[in-house]
Amino acid sequence: ELSFDFRRPMRFLDMEGGPALFAEPTEIADRYHKALRGYLDDLHAVVLESAVDYHRVRLDEDYEQVLMRFLVGRSRGRSAR
């Protein structure tokens with residue numbers, strides 16, 4: 001969840017099978033964003049070290065547009081590396 005736009009106390013489920021967490025979003029938002037930034041930065045570094053193109057894509061983006069940007073960039077010899 002990139003935006004983390006929760007306003008009231010919520011139960012957050014661990015998608016990997018860990019325990020659920022009941023929390024006040026305003027109390028954990030800063031830590032969440034810091035952890036997310038760290039994760040995305042680490043992922044980006046690993047991908048770049050592996051000589052693989054990196055393209056962050058949101059699930060709500062039109063996949064045809066995303067694919068077109070990627071293919072046009074590739075045909076021009078550009079990558080996100």
Side-chain angles (χ1 to χ4, degrees):
E1 185 65 45
L2 295 175
S3 61
F4 201 76
D5 291 331
F6 302 101
R7 302 282 183 240
R8 59 186 176 85
M10 303 282 300
R11 187 176 77 150
F12 296 95
L13 301 175
D14 184 339
M15 298 304 290
E16 296 177 355
L21 170 70
F22 188 79
E24 173 65 51
T26 57
E27 293 177 5
I28 64 171
D30 289 340
R31 288 180 284 163
Y32 174 83
H33 285 296
K34 183 179 178 181
L36 178 61
R37 274 191 307 276
Y39 169 77
L40 293 174
D41 290 346
D42 291 348
L43 179 64
H44 190 208
V46 168
V47 169
L48 291 178
E49 289 170 4
S50 302
V52 174
D53 289 341
Y54 177 83
H55 302 271
R56 186 183 311 167
V57 178
R58 295 179 57 110
L59 291 175
D60 60 352
E61 287 185 75
D62 179 5
Y63 76 92
E64 291 174 338
Q65 293 297 317
V66 171
L67 183 58
M68 185 62 69
R69 281 195 314 262
F70 170 75
L71 293 174
V72 168
R74 270 301 185 99
S75 70
R76 293 180 179 161
R78 294 188 330 235
S79 69
R81 280 187 238 150

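Residues take their numbers from the sequence shown, with the count starting at 1. Just so we're clear, the structure is a prediction, and the values are computed from it rather than from any experiment.
Neither Y54 nor V46 shares a network with the other; the hydrophobic side chains, linked directly or stepwise wherever heavy atoms of I, L, V, M, F, W or Y lie under 4.5 Å apart, form separate groups for each. Under the 4.5 Å side-chain heavy-atom criterion for ILVMFWY residues, no single connected hydrophobic cluster contains both V72 and Y63.
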With a 3.5 Å cut-off and sequence neighbours excluded, list the donor-acceptor pairs that the side chains of residues 12-30 form with protein atoms.
residue, atom, partner, partner atom, Å
D14, OD1, E16, N, 2.8
D14, OD2, G18, N, 3.3
E24, OE2, T26, OG1, 3.3

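Through chains of ILVMFWY side-chain contacts below 4.5 Å, V66 is grouped with V57.
Here the shortest heavy-atom pairing between D53 and V47 reads O-CG1, 3.8 Å.
Taking Y32 as the reference, E1, F4, L36 meet the side-chain contact (heavy atoms from CB on, under 4.5 Å) condition, with sequence neighbours excluded. Shown here are the side-chain hydrogen bond (donor to acceptor under 3.5 Å, both in side chains) partners of D42, two or more places apart in sequence or in another chain: there are none. With sequence neighbours left out, R37 forms a side-chain contact (heavy atoms from CB on, under 4.5 Å) with H33, K34.
The environment of CE in M10 is crowded: more than 12 heavy-atom neighbours from other residues, nucleotides or ligands sit within 6.0 Å.
For the salt bridge (charged side-chain N to carboxylate O under 4.0 Å, His left out) condition, the pairs that include at least one residue of residues 54-68, sequence neighbours left out, are R58-D60, E61-R69.
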